[in-house]
Amino acid sequence: MQMGNQSCTINILIQKILDDEKQYDMSKIISAYEFAAKAHEGQKRSSGEPYIVHPLSVAFILLELGMDTDTICAAMLHDVVEDTDVTLDQIKKAFGQDVAMLVDGVTKLSKAPIFNQDEQLAENVRKILLAMSQDIRVMLIKLCDRLHNMRTLGFRPGFKQRKAALETMNIYAPIAHRLGIKAVKEELEDLSFQYLDPYAYSEIEHILEIKKDEREKFINSIKERIAERFKIENFEKVPQIDGRVKSIYGIYKKIYIHRKDIEEVYDKYAVRVIVDTIPECYTVLGIVHDMFTPIPNRFKDYISTPKANMYQSLHTTVFGREGIPFEVQIRTWDMHYTAEYGIAAHWKYKEGVQNNDKMEEKLSWIRQVIEAQQTADDVEEIVRIIKTDLSTDDIVVFTPKADSFTLPVNSTVIDFAYRIHTQIGHRTVGAKVDGKIVPLDHKLHTGDIVEIMTTKDENKGPNRDWLDIVQTNEAKAKIRSWFKKECREENIIRGKQELEREFKHYRMRIPDNEIEKFLADDLKRHNCNTLDDFYASIGYGGVLLPKIMQRLKDNYVKLYSEPADPEPIVPVKPQRRKSDSGIIFEDTLRNVQVRFSQCCNPLPGDEIVGFVTRGHGVSVHKKTCPNYLSSVSAPENADRWRKVEWTETHKTDFHAMIEIVAIDKVGVLQKVITVISDAKTPIQNSASKRMKNGNTIIRATIAVSGKEQLDTLVAKLSKIHDVLSVTRIEGRRGLW
Ligand code: MN
């Protein structure tokens, strides 16, 4: 980015447009300038400069990114609707629908202060993401707007500086990173860092400054040596060699995260070689490794496995003269533009074409975040989403066939399974990392080869517990949506009960015919069209009652003007359902599709009841199932709970889970497994966990023909020396 602190004028902008190879509609841009200059006439920035300098500078930065005429015009006009009397209609008449739409988007974004105490934060982040998904240019204008504001932040009062710097570091820089716009990202980070930790900033700046001559001499000599060598190799076009220093914040992160002394930051010095083709990249790598000694384990091939934001390059760190290490980055020109300008680079070359693949990939990420977000009602969740999904730290893991996948740090094998395919996620029963079996909550690391073990059972679904394990919102959303689809009928009933229970606890009495009206806001907030949709959302966990009850109570007090009652004495914890499935026959409803309930996992021999769902047949529960017990007396369920029985013959492969607590001694696990396999009850999956008190808990899902076989097995297991207890687990619980 060239425009530093000097103020931009229309003449500088015009000159820049003339210098550019790209075609621009100069007269449209100039009239946008005149329009904005007139509207902002008399307004001043905190720096004392005329206001128009700001939109001009924003337009200039976008021009540097190679954006199109409409984006430049919208940048010029981005503050007029908010700060002057001009209306959106006037802009539409003068500059067309596209420009008006962009200005509208930016205006809406500006009205959304990101850091707010209450749940408005969720709303605001949603606005940003929506704006991005509709037209990414809105976000690009906003980023450049923020960049110029950060460059001129010195003129604002101190508390505003800190607030803006925090917001920039937490939201805007990560977004720029996600969109791959490194030039903007690094400057935003450095500018924020300067306000957030001025001492560290100036220390690093100072060290870089005093070594400046030394550094330049060093980098120049390296460049010369490489250039000399290139002359004797056969390149069609001579590769370009640049020297560079890492950004100040980049160096700070290395020092801070890896606790290195600044002298030890290896890639503080860097040389970049840009060539025409991918084969040439590897040729250059060979030459560099031939000329200098590479540092082991520092080579990274982001060409064959690009980063999540599309970044591609070869990185290697080698020793230079006197053993001073430096990093070499090797890439093609195409990769270079993508690295520097990211999503904007694709406008540079394919103007206005939005549906190329890379673009789609980026937009699909944004859509995923929005999707995951629609159900999130609390601020912590939103902040978590931003932190993980916008995280600058990714890991790259592989399938056994060497396909690579990029995931956020701390992703588990379940995240990986869902990333491969939704169905694979649903049917996951176990996983291997580098050939070894790991628990499902195992956190993955870069370079892991991950093999997912799935069941052929088409009815297999995820566990509720997985929601607490997974890291990506993609996986979370897919798990939630499974529960949403799979058991809507039950969800509605559950959700209704849960809400009624909460109403009771909060002493809220709302007439039945007023409930929908009372909840209207919440229905809208959670994208529910009907009251049933809302109940269903509560049922599957999309709407978390503890997060909304206080607000509902406040509304209730306002609307029904009763004196506030004391707080509920017993906190209500929503119960979660577990899943399994199978087939049985029963007498009263023959030829009906039958499923096992998710919650109590009945086995032949258990006393059972059936729940008639709408459109999904009958779901079978144990008579002791808490869900049955709590809903059977509700009048609306009167004819839906039906007697069902096991027939004489039924299929014999049922799954049950048992939990064994044993003293943690050598061989106890072996004994348990021997007893299980002697009983001819195959283990589907199992996991064990060592407790602090010296005991081990083993959980295993086993295949049994019915209750009798299970009871026999439990009795045998209980007899093992060192086994303290054996219990059948109702429903399906995760194996950690
Ligand atoms: Mn602005």
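Start at 1 and go down the list; that is how both ligands and their atoms are numbered.
With hydrogens and angles left out, the side-chain atoms of His78 and Asp145 include a donor and acceptor closer than 3.5 Å.
An angle of 170° is found at the Mn ion (ligand 1) between Asp79 atom OD2 and Asp145 atom OD1, rounded to 10°.
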Would Tyr201 and Tyr249 satisfy ring-ring contact (aromatic ring centres under 6.0 Å, His included), going step by step from the backbone distance to the final call? CA-CA 8 Å; Tyr201 182 91; Tyr249 183 64; 9.8 Å; no
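Backbone or side-chain N, O or S atoms of His78 reach the Mn ion (ligand 1) at under 2.8 Å.
Classification of Lys38 and Glu34 as a salt-bridged pair fails, no side-chain N sitting under 4.0 Å from a carboxylate O.
Classification of the His526-Phe534 ring pair by plane angle, with boundaries at 30° and 60°, yields tilted.
Note on His54: its N/O/S atom closest to the Mn ion (ligand 1) is NE2.
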